[in-house]
Amino acid sequence: MKTVLVCVWLVNSLIHIISGSSLSAPEEITGYTGGSVVLPCSCTDGRPILNSARWIFNPGPSTINLGPQQVDDRYRGRVQHSDTPGDLSLVLSRLTVSDEGRYRCEGDGQFRDIKLSVKGCSLFAPKEVTGYTGGSVVLPCYCTDGRPILNSARWLLNPGASNINLGPLDVDDPYKDRVQHSNTPGNLSLILSRLTESDEGRYRCEGGGPFRDIKLSVKGCSLSAPEEVTGYTGGSVVLPCSCTDGRLILNSARWLFNPGPSDINLGPQQVDDRYRGRVQHSATPGNLSLLLSHLTVSDEGTYRCEASRQTYKDIKLSVKGKFDHICPIACQGWGDTG
Ligand SMILES: *[C@@H]1O[C@H](CO)[C@@H](O)[C@H](O)[C@H]1NC(C)=O
Ligand SMILES: *[C@@H]1O[C@H](CO)[C@@H](O)[C@H](O)[C@H]1NC(C)=O
């Protein structure tokens, strides 16, 4: 029995020695800067490798060790070896372009060479983007190839001048709640919300080396409204007012009756008692039009449609009695109760 076992062991060892190429690995692998890459290497027959297994970079006189036993400084903390017997595969992390080259997987006196190429991030971004006051805008910027170097992606407003940080790591205070970053690796796009005209400027997208500048224009709201509108007692009237340019209105938008020191609010945020239940606001962004119902003669006067304190239009509302043309005096005010 003993001799049989010894025999089997001998034959096994012989097979291992004779059967030349039992290591399997691809010839070429591509990784991306900032990312990780698996360099696959395994025994075709799945048998364990003795502790002669190792990886080296740049085989030759200036070889660099990648372990498992011995790992050179250059790769320390960046390599991970498989625990599976027979699998020598190596995970290499936080890739840089200087990791490009030839990697050798060695085991049981055999080896395989893998050529690693590392692609950097080629940034794409448009030159100009237009947004609208009160709205959001996407500043698109992404790697068409490769990934940004880890933690190197960032946005700057007015690069070289005020250099305001827009993240993702550092966001300067006034922008904290107004910027959002994409979660997709390689997509550096920035979403900027609640735009004001003062957000206009140059935005720089960086990917750890290359960068792109985007010019952001913010269009405000130019209001359009008639000068005069006529309604009838008891009826309804639309006071039309809308942005001809710019689509969205900041929540500063409001209507006032009798603009001046004793003005009266007609909403949308705040509606005075006098108009409560009688006003309806358009739900369309950029359309501020107001529907005023149950008109009385005392509704006559000037109505101000405001996009902001600086941007407004005044409309003069005349309210005529329903039957003015039939009985100009006797019927005055009849519609008031309707
Ligand atoms: C990148 O992210 C932005 C914002 O999340 C998105 O609008 C855009 O479609 C993405 N672009 C690509 C190429 O993935
Ligand atoms: C704005 O809204 C009003 C009332 O809802 C509507 O009558 C008017 O046609 C709209 N104007 C525009 C420019 O969309």
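Remember, it's 1-based here, ligands and their atoms both numbered in the order they're listed.
Under a cut-off of 6.0 angstrom, the local environment of NZ in K127 is sparse, with at most 12 non-hydrogen atoms contributed by other residues, nucleotides or ligands. Atom OH of Y275 sits in a crowded spot, with more than 12 heavy atoms from other residues, nucleotides or ligands closer than 6.0 Å.
Within the 3.5 Å criterion, the main-chain N or O of S22 finds a donor-acceptor partner in the side chain of Q110. The main-chain N or O of V118 is found under 3.5 Å from a side-chain atom of E100 such that the two form a donor-acceptor pair.
When only non-hydrogen protein atoms are considered, atom 4 (C) of ligand 2 lies nearest to S289 CB, 4.2 Å. Among protein heavy atoms, atom 7 (O) of ligand 2 sits closest to V238 CG1, 4.5 Å. The single protein non-hydrogen atom nearest to atom 5 (O) of ligand 1 is S182 CB, 4.0 Å, given as residue, atom name and distance.
For atom 1 (C) of ligand 2, the nearest non-hydrogen atom from the set L291, N287, L290 belongs to N287.
Within the 4.0 Å cut-off (strictly below), no protein heavy atom is located near atom 9 (O) of ligand 2.
In terms of heavy-atom proximity, G31 sits nearest to V37 at CA-CG2, 4.2 Å.
Remark: distances from the non-hydrogen atoms of S242 to ligand 2 include one below 4.0 Å.
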